[in-house]
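Reading through the structure tokens given below for one structure.
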Amino acid sequence: MIQPNKIAQIKAELQKAKAFLENGEIGKARVSARKAAGQAAQIWISENHLLAGPHLNPLQALARLYDLRIGDAEFNNHLEHLLMKVDTNYNLPADVNLITSAEFIMDKILEED
């Protein structure tokens, strides 16, 4: 079972992402959204007794989930968004919303517990 304080910490990180976005700090919003989803991924990996769960940083945990292909196409599409690199102008494609993707991944991972 996931500790309630860990869930609160993850949700707080997502709220930081939303606050950054509202303040026009898009880069910080992306970092916080990825961190929140990655922390949820760390939990899933450790709860499912996969090697190196707690030793992976949040971005590595997202990549590990993607490699495992544990979800459906929509789940994996959101993981792809979270793992996507920005272009030379520090932008992602217009249809990519990392906060939405983070919320989707977190909901799917945290709802199972």
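- Atom NE2 of His55 and atom OG of Ser46 lie 10.0 Å apart (nearest 0.5 Å).
- Using a 4.5 Å heavy-atom cutoff, the side chains of Pro93 and Met84 are in contact.
- Applying the ring pair (Phe, Tyr, Trp, His ring centres under 6.0 Å) rule to Phe75 yields no partners; only residues at least two apart in sequence or on another chain are considered.
- Interatomic distance, Lys108 NZ to Leu65 CG, rounded to the nearest 0.5 Å: 14.0 Å.
- Considering CG of Leu59 and CD of Gln42, their distance stands at 10.5 Å, rounded to 0.5 Å.
- In terms of heavy atoms, Gln39 sits closest to Pro58 at N-CB, 4.0 Å.
- Rounded to the nearest 0.5 angstrom, Ile105 CD1 and Leu79 CG are separated by 4.0 Å.
- Within the model, atoms CG of Leu83 and CD of Gln60 stand 11.0 Å from one another, a figure rounded to the nearest 0.5 Å.
- Cluster membership for Val96 and Leu21, using ILVMFWY side-chain heavy atoms within less than 4.5 angstrom, is shared.
- Of the possible donor and acceptor atoms, none in the side chain of Asn23 sits under 3.5 Å from a partner among the backbone N and O of Glu25.
- Taking the side chain as every heavy atom from C-beta outward, Leu110 and Trp44 never approach each other to under 4.5 Å.
- Under a hydrophobic-cluster definition in which Ile, Leu, Val, Met, Phe, Trp and Tyr are linked whenever side-chain heavy atoms come within less than 4.5 Å, directly or via other members, Phe20 and Val86 are assigned to different clusters.
- Taking both residues in full, the closest heavy atoms of Leu82 and Ala37 are given as CD1-CB, 3.7 Å, listed atom of the first, atom of the second, then distance.
- Across Ala17 and Ala33, no two heavy atoms sit closer than the pair CB-N, 3.6 Å.
- Asn76 places a side-chain N or O within 3.5 Å of a backbone atom of Gly71 that can act as its donor or acceptor partner.
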Quiz item: side-chain contact (heavy atoms from CB on, under 4.5 Å) between Arg30 and Arg34: does it pass, once the steps are laid out?
Solution: CA-CA 6 Å; Arg30 286 193 295 247; Arg34 286 178 171 134; 4.2 Å; yes
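- Val31 and Ile26 are assigned to two separate hydrophobic clusters, defined by single-linkage of ILVMFWY side chains at heavy-atom distances under 4.5 Å.
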Derivation of the side-chain contact (heavy atoms from CB on, under 4.5 Å) call for His81 and Thr100:
CA-CA 10 Å; His81 289 174; Thr100 299; over 6 Å; no
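- Taking 4.5 Å as the limit, some side-chain heavy atom of Ile10 sits within range of a side-chain heavy atom of Ile43.
- Taking Glu103 as the reference, Leu14, Lys18, Ile99 meet the side chain to side chain contact (heavy atoms under 4.5 Å, CB included) condition, with sequence neighbours excluded.
- Judged as a salt bridge (Lys or Arg N to Asp or Glu O under 4.0 Å), not a single pair has a partner in residues 68-93 (not counting sequence neighbours).
- More than 12 heavy atoms of other residues, nucleotides or ligands sit less than 6.0 Å from atom CG of Leu92.
- Atom CG of Asn57 is separated from atom NZ of Lys35 by 10.5 Å, given to the nearest 0.5 angstrom.
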